[in-house]
2 protein chains.
Amino acid sequence: MQPEMDTLLQFFKTLANENRLKMLGILAERECGVEELATLLDLKAPTVSHHLGRLRELGVVTMRVEGNDHLFRMDVDGLRDLSRRVLSSLKLEQVGALADGVAYDTWERKVLDVFVEGDEIKALPAGYKKRLVVLRWLANHFEPGRRYSESELDALIERHHPDYCSLRRELIEEHMMARESGVYWRLPWQMPDLTT
Amino acid sequence: MQPEMDTLLQFFKTLANENRLKMLGILAERECGVEELATLLDLKAPTVSHHLGRLRELGVVTMRVEGNDHLFRMDVDGLRDLSRRVLSSLKLEQVGALADGVAYDTWERKVLDVFVEGDEIKALPAGYKKRLVVLRWLANHFEPGRRYSESELDALIERHHPDYCSLRRELIEEHMMARESGVYWRLPWQMPDLTT
DNA sequence: TATCTAATTAGGAGTATATCGAAATACAAT
DNA sequence: ATTGTATTTCGATATACTCCTAATTAGATA
């Protein structure tokens with residue numbers, strides 16, 4: 001989990017509460033003590049104190065002491081900086097980073113575990129998504145750049161599964177391989193080799 | 001409660017969850033089915049389905065149907081629009097609007113209820129904040145623009161509380177009134193009249 | 001020192017949310 | 001039609017959160 005995830009979660013969790021949002025709105029306009037906020041929001045002091053603690057922890061509210069009163073107000077700089085950081089994490093180029101800790105290959109491994117045994121395709125998945133995984137695994141057995149005749153291709157496919165005819169067609173349909181005047185070749189592919 | 005509050009709350013609540021954030025990150029990079037997401041996040045399908053429902057409701061994820069699979073991906077436009085709307089609500093000029101439903105006068109009324117009876121100040125609050133409220137109430141008895149001699153001022157203050165000396169000094173200190181060469185006048189003030 | 005005021009902390013009750021297993025639904029393929 | 005696959009809905013449980021009352025702490029005043 002990248003460090004931004006913690007910040008993001010704290011930000012959203014803290015602001016995901018109506019009373020805390022109202023507090024922030026109030027403290028943007030005037031400096032308040034706990035008792036005053038409690039009156040304005042129709043809450044008890046301990047509740048307000050708790051919410052203020054969270055807002056302060058997040059860094060969007062500051063406190064100063066005046067006699068017995070603890071006076072709170074919005075932290076303009078803190079809120080601005082946080083907003084910027086959060087917004088940039090939600091930008092299109094950045095939002096993918098939220099999945100940084102995710103092991104993308106577990107899904108494909110799982111599918112291959114079920115439908116492939118060694119070099120052999122035990123069964124062709126019915127669902128589209130899973131079928132794609134197996135097709136990619138199959139396509140990975142052909143070298144990019146090399147050219148195959150149809151009979152050569154069929155023979156190679158048949159080593160993995162008897163229905164070379166359907167598989168050849170689907171490899172073409174999914175643009176994992178291409179054909180021109182009876183000659184086949186593999187199209188470039190971004191997927192790493194995950195042979196079981 | 002202004003309409004923005006609902007949107008804001010829905011936005012923060014929906015994004016205040018680690019698994020939903022990860023989903024958004026994954027769906028920003030690839031189109032996924034429920035089962036695939038469940039594998040990647042180590043959750044069960046019903047849980048993922050529930051989370052996807054909330055993300056879709058918020059408008060940051062879209063779905064298309066391919067055979068039996070429901071394929072989800074991030075809604076680029078939806079996320080961008082929402083982010084903008086939320087961020088602008090957190091801008092300094094806007095954030096005060098979060099407190100639109102708040103009745104700001106309840107606090108001062110409450111203080112005055114306790115410390116003022118009719119025209120008379122029953123007791124001077126010890127705390128700073130409450131003392132300010134009573135001082136403002138007192139200052140409100142003097143017309144802006146009119147000039148008072150010290151003896152005149154003292155007499156008027158004494159009608160509300162015997163300790164005209166302290167009160168006169170504090171009115172000056174808090175810049176509710178001003179003095180020059182023995183003449184006093186009230187400084188402009190933004191507070192409405194809340195005489196009990 | 002004793003007392004008063006304001007805030008915080010501790011502990012508990014009620015509510016909402018996350019997650020799961022089981023059952024129901026939608027859709028394809030045989 | 002029946003079977004199989006992917007998803008969704010339903011119901012239950014466990015966890016997290018909000019809010020309260022009661023007790024404690026910190027600071028100011030008499």
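Just so we're clear, the structure is a prediction, and the values are computed from it rather than from any experiment. Reminder, nothing fancy here: chain letters follow the sequence lines and each chain counts from 1.
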Q. Among the clusters formed by ILVMFWY side chains lying less than 4.5 Å apart, do B/Val183 and B/Leu171 turn up in the same one?
A. no
Q. With the threshold set at 4.0 Å, does a side-chain nitrogen-carboxylate oxygen contact exist between A/Asp113 and A/Lys110?
A. no
Q. Salt-bridged, A/Arg168 to A/Glu150, with N to O below 4.0 Å?
A. yes
Q. So, do B/Met23 and B/Val48 sit near enough that their side-chain heavy atoms are less than 4.5 Å apart?
A. yes
**Q.** pair A/Leu41-A/Thr47: side-chain heavy atoms closer than 4.5 Å
**A.** no
Q) Touch check for B/Arg54, heavy atoms < 4.0 angstrom, all strands: base, sugar-phosphate only, or nothing? A) sugar-phosphate
**Q.** Presence of A/Thr47 side-chain N/O under 4.0 Å of D/dC20 phosphate oxygens OP1/OP2
**A.** yes
Q: Give a yes/no answer on whether the side chain of B/Asn17 brings an N or O atom under 4.0 Å of OP1 or OP2 in C/dT17.
A: no
Rounded to whole angstroms, how far apart are [atom1] on [X] and [atom2] on [N]?
{"X": "B/Leu41", "N": "C/dC20", "atom1": "CG", "atom2": "C1'", "result": "15 Å"}
{"X": "B/Arg20", "N": "C/dA18", "atom1": "CZ", "atom2": "C1'", "result": "9 Å"}
{"X": "A/Leu43", "N": "D/dT18", "atom1": "CG", "atom2": "C1'", "result": "9 Å"}
{"X": "A/Glu18", "N": "D/dT18", "atom1": "CD", "atom2": "C1'", "result": "13 Å"}
{"X": "A/Lys13", "N": "C/dT17", "atom1": "NZ", "atom2": "P", "result": "12 Å"}
{"X": "A/Leu124", "N": "D/dT5", "atom1": "CG", "atom2": "P", "result": "13 Å"}
{"X": "A/Lys44", "N": "D/dC17", "atom1": "NZ", "atom2": "P", "result": "24 Å"}
{"X": "A/Asn19", "N": "D/dC20", "atom1": "CG", "atom2": "C1'", "result": "13 Å"}

Q.
Let me confirm one number: the CG-NZ distance from A/Leu79 to B/Lys91, rounded to the nearest 0.5 Å.
A. 10.0 Å
Q) Roughly how far apart are B/Arg109 CZ and B/Thr106 OG1, rounded to 0.5 Å? A) 9.0 Å
Q | Within residues 161-171 of chain A: residues closer than 4.0 Å to DNA chain C (heavy atoms) | A | none
Q: For each nucleotide in nucleotides 2-14 of chain C, reading 5' to 3', give B when a protein heavy atom comes within less than 4.0 Å of its base, S when such contact involves only the sugar-phosphate, and - otherwise.
A: ---BSSBB-----
(Q) I'd like to know if the side chain of A/Lys129 and the backbone of B/Cys32 have a donor-acceptor N/O pair within less than 3.5 Å. (A) no
Q: Verify the neighbour count for atom CD of B/Glu173: are there more than 12 heavy atoms of other residues, nucleotides or ligands below 6.0 Å?
A: yes
